[in-house]
Structure formats: structure tokens, C-alpha cells
Amino acid sequence: MLKLFFPHLCCGCDRRLSDGSQVLCVNCQNELPICFPKNIKDNAFVRQFYGRLLIESAFTLLRFEKTNLTQRLLHQLKYKGQQQLGVFFGLRMGSMLRQLKPATHFDLIIPVPLSNKRKRKRGYNQVEKFAQSLGQQLNSPVNSKALIRRDSRHSLVKLGRSSRFKREHHFEVNHKLELSVNMHILLVDDIVTTGATLEACAKVLLNKGDFKLSFATIAISE
Ligand SMILES: [Zn+2]
């Protein structure tokens, strides 16, 4: 009955959804700019980290542009509480990963955290549902408390005579996290642009031991 008064709307185009689809209408699903790589070990995302970090693989689902469907959907996921989009993206990525040969196994999936302050303000971390959904698809455990983000949003950086504000990426590994050698860890975020956030998280994890590390994001900004 409630559905009569509150019909489910497509997160991409606001059209009323038919009973079958829960998040995106068929048109929007067909329009998704999917860019899941053919080779998860060698692609543009992996090459971003050449000379910075040694990673096992990296893969993403969607191409992000300032005015495309991906931009609208990430906005809905991040600011409009549409967490079911994260679940949907996790399902799509999981089914693509499962088709790859040889199969890849991840011993642990870790979502990039928000600071406590920001999480309180937003009410949720937009990456967690995506990570959980992906973990279910791949039979891999997810630990959302493995990393801690400190709230040092802006700090003044002196650069010669000029000064500017810089966003600081400050992460720590939770001391309760148990890691064993030769684990393959998948670090998950919503979008990769410069790779600075993933790199900062990776470095604190790699300080704790010798792991295989891979990255997955919902979208890539080129
Ligand atoms: Zn739609």
C-alpha cells in the first residue's frame, strides 16, 4: 500500500521504477559507463601507482565525468542516503570479478574510512555497503574498523613565501587488526582521482607487514 504513495524512483533519472528493479531503471542500467578492465593486473588504474607502490591488481566499475550518470549516482550515494546503490555496485563488480580466470581471492576487504566526525555528520560511510556487498559476492570478510581516519582536514603548509591549505590524508591501522603474512587485502573506495587516499591507506597497512594489496573503486576519474 505504501508504494502507492511513495513509489520507488530511479536513482539515475527519478522516473518511477517498475516492480522488478530496485535502484536503477533499465535505461539507466544500460547507460552505465562501465569500464571494468579486461586485465585487473595491468590497466590505467594499476599504472597510476607505478613508482609509488607495488600493488597486485586494481579495478573499477564506472568511468566518472563531471556531468555523467556516474557523477549523479555517486552524489546520490554520498549525500542523499541512497546506500542501496553501494549494494548494487558491489553486486555488479562481484559478478564481473567472478567471471575472471584465474579466479582472484581476497582474504580481507577494507573500506577507506571517514573520520568519526564526518561519519557522524553524514550518518554513514558511503563505501561500506559497497564493500559488504562485494565481500558477500566474493566470500571475503570485510573489516570496516581496520583503518582509522584522523580528522586533520586542513593544515597550513608553508611553501616558500606562499602558503596554502592542503588536505591531509592521515590514517592509522587499528591496533586490534590481526594480519598474517601473505594475505591478499583489497582496499575499497568510492572514487579514485589522484590515488592519494588509496596510497596513504596502503602505506600504513604495508608498514604492518608484507601483504599483497589490491585496490577497487566504484568509479575512476580520468
Ligand atoms: Zn533511470
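Counting starts at 1 for both ligands and their atoms, following the listed order.
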Electrostatic pair [X]-[Y], nearest N-O below 4.0 angstrom:
| X | Y | answer |
| --- | --- | --- |
| Lys119 | Glu128 | yes |
| Lys212 | Asp107 | no |
| Lys176 | Glu178 | no |

Q) Under 2.8 Å from the Zn ion (ligand 1), which protein N/O/S atoms are there? A)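 Under 2.8 Å from the Zn ion (ligand 1) - ignoring waters, which are not counted - the protein N, O or S atoms are Cys10 SG, Cys13 SG, Cys25 SG, Cys28 SG.
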Q: Examine the side chains of Gln82 and Gln84 and answer whether a donor and an acceptor come within less than 3.5 Å of each other.
A: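 Distance-only check passes for Gln82 and Gln84.
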(Q) Applying ring pair (Phe, Tyr, Trp, His ring centres under 6.0 Å) as the test, list every pair that has at least one member in residues 60-79; sequence neighbours left out. (A)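 Sorted result for residues 60-79: His75-Tyr79.
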Q | Given Asn43, Asp189, Thr217, the one that forms side chain to side chain donor-acceptor pair (under 3.5 Å) with Thr60 | A | Thr217
